[in-house]
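These notes concern the structure reproduced below.
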Amino acid sequence: MITIKDLHFGYSPKRVLFKDISLSLKAGHIYGLLGKNGAGKSTLLKNIAGLVYAQGGEISVLGFDPSKRHPGLLEEIFFVPEELFLPALNLDAFVRINASFYPKFDHNYFATLLREFDVPMAQKLSEMSYGQKKKMIICFGLASQTKLIIMDEPTNGLDIPSKAQFRKIMASALTEDRCIIISTHQVRDLDNLIDTVIMLDSNKLALMASVEEITEKLTFKNVDQLQADVIYAEPSLNGYHAILPNRGDDYSKLDIELLFNAIVLEKEKINQHFNA
């Protein structure tokens, strides 16, 4: 689906975001792209979508070079940006103008998603709240039936019930021939949704591993006191939230926020368990 080899990108010689990033993304997966603010998450997504161009390396998306903006690729990519700039149109007019760019657009599915998200169909886009606009464009993107869905901070502006609905809808939207990439700094919003974690840190790929691989190597648990083998821990009301090595069969639920903080602060300790 997506192959990136030795990607190098910077907005200026003094502002280099990536150095020699290589990764491969496959269909049938939901990837969570994590990183601190300024780590380059949005820029990586834009490189994949062909919205900015790398200074070095290679990117292949569905067999195309995204920088060439080939129509055969563009009709198979939908990008949900963090910031939305929508015209002062009613919803029917917006769909009539834009759905034609996506040959597999499903109007019935779009209407179903709008109802599930409780988005008003008769209201002009310019009169919608930010959260309603975000939900509308998510619905439109899924209804486009593209093979690649890219989402940059999709849960910004969503209230708690809408975030829960988002996770439910996204889980049902994944098919064996579709790849979904979700970038967020609100890592809790991806709980029980993603199957693979990608994390950027210090101009490089800090971690790429499936949830299954992470929980095979690491255990996430609450402990009363710090033990010698604790890799990373944060104080809690009743002790510590801790990450420890999985010694064999001590499987636990992935705490994605704790893992995120651990990689930022103790990257070498975490990587030791994946490089062994």
Side-chain angles (χ1 to χ4, degrees), residues 29-39 41-42 45 78-86 91 94 109-144 149-175 178-200 211 214-215 220-222 234-243 252-264:
H29 295 275
I30 300 180
Y31 295 91
L33 178 60
L34 312 178
K36 296 183 292 186
N37 289 338
K41 301 185 299 297
S42 297
L45 297 181
F78 194 89
F79 187 97
V80 177
E82 179 178 5
E83 299 297 331
L84 298 176
F85 302 95
L86 300 176
L91 201 49
F94 179 85
Y109 184 40
F110 180 57
T112 298
L113 292 174
L114 290 176
R115 287 193 296 270
E116 291 187 21
F117 260 139
D118 196 25
V119 176
M121 300 184 67
Q123 196 171 0
K124 281 188 176 182
L125 301 181
S126 58
E127 297 172 351
M128 289 183 178
S129 67
Y130 179 71
Q132 288 173 330
K133 291 177 182 177
K134 184 61 72 76
K135 289 188 285 187
M136 187 284 294
I137 206 69
I138 290 170
C139 294
F140 187 92
L142 294 178
S144 70
I149 299 284
I150 300 173
M151 297 184 164
D152 191 6
E153 303 289 352
T155 57
N156 275 5
L158 302 189
D159 55 22
I160 292 175
S162 295
K163 288 182 179 181
Q165 190 68 14
F166 168 79
R167 288 190 290 269
K168 176 183 175 183
I169 288 172
M170 292 308 302
S172 65
L174 182 66
T175 62
R178 171 180 274 179
C179 175
I180 300 174
I181 310 171
I182 305 174
S183 170
T184 185
H185 68 277
Q186 302 182 53
V187 293
R188 288 288 183 191
D189 292 345
L190 300 187
D191 271 352
N192 301 316
L193 177 60
I194 63 173
D195 56 52
T196 304
V197 174
I198 305 170
M199 183 162 174
L200 302 177
V211 171
I214 293 169
T215 54
F220 301 79
K221 61 170 59 175
N222 294 325
E234 294 178 354
S236 67
L237 290 176
N238 300 311
Y240 298 89
H241 299 306
I243 302 177
S252 61
K253 181 178 179 294
L254 170 63
D255 186 327
I256 194 168
E257 184 172 338
L258 194 64
L259 177 66
F260 175 88
N261 294 338
I263 293 174
V264 170

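Ile256 has its side chain within reach of Leu34: a pair of non-hydrogen atoms, C-beta onward, lies under 4.5 Å apart. Side-chain contact check for Asn222 versus Asn238: every heavy-atom pair is 4.5 Å or farther apart. Two residues are said to be in side-chain contact when any heavy atoms from C-beta on lie closer than 4.5 Å; Ile169 and Phe117 meet this criterion. Using a 4.5 Å heavy-atom threshold, the side chains of Met170 and Leu142 count as touching.
Within the 3.5 Å criterion, the main-chain N or O of Leu258 finds no donor-acceptor partner in the side chain of Glu234. No donor-acceptor distance shorter than 3.5 angstrom exists from the side chain of Lys134 to the backbone of Gly157, with no hydrogens or angles considered. Judged by distance alone, with hydrogens and angles left aside, the side-chain atoms of Lys41 form no donor-acceptor pair with the main-chain N or O of Ser183 at under 3.5 Å. When atom types are taken as modelled, the side chain of Thr184 and the backbone of Val187 share no donor-acceptor pair closer than 3.5 angstrom.
If you take NE2 on His185 and OG1 on Thr155, they are separated by 8.0 Å, rounding to the nearest 0.5 Å.
Residues passing the side-chain hydrogen bond (donor to acceptor under 3.5 Å, both in side chains) test with Ser252, sequence neighbours excluded: none.
When only modelled atom types and interatomic distance are considered, His241 and Asp255 share no side-chain donor-acceptor pair under 3.5 Å.
For residues 158-175, every residue pair satisfying the salt bridge (Lys or Arg N to Asp or Glu O under 4.0 Å) rule, not counting sequence neighbours, is listed here: Lys163-Asp189. Note on residues 117-127: no pairs pass side chain to side chain donor-acceptor pair (under 3.5 Å), not counting sequence neighbours.
Of all heavy-atom pairs between Val80 and Ile138, the closest is CG1-CG1, 4.3 Å. The shortest non-hydrogen separation linking Tyr31 to Ile194 is C-CG2, 4.0 Å. Of all heavy-atom pairs between Leu193 and Ala171, the closest is CD1-N, 3.8 Å.
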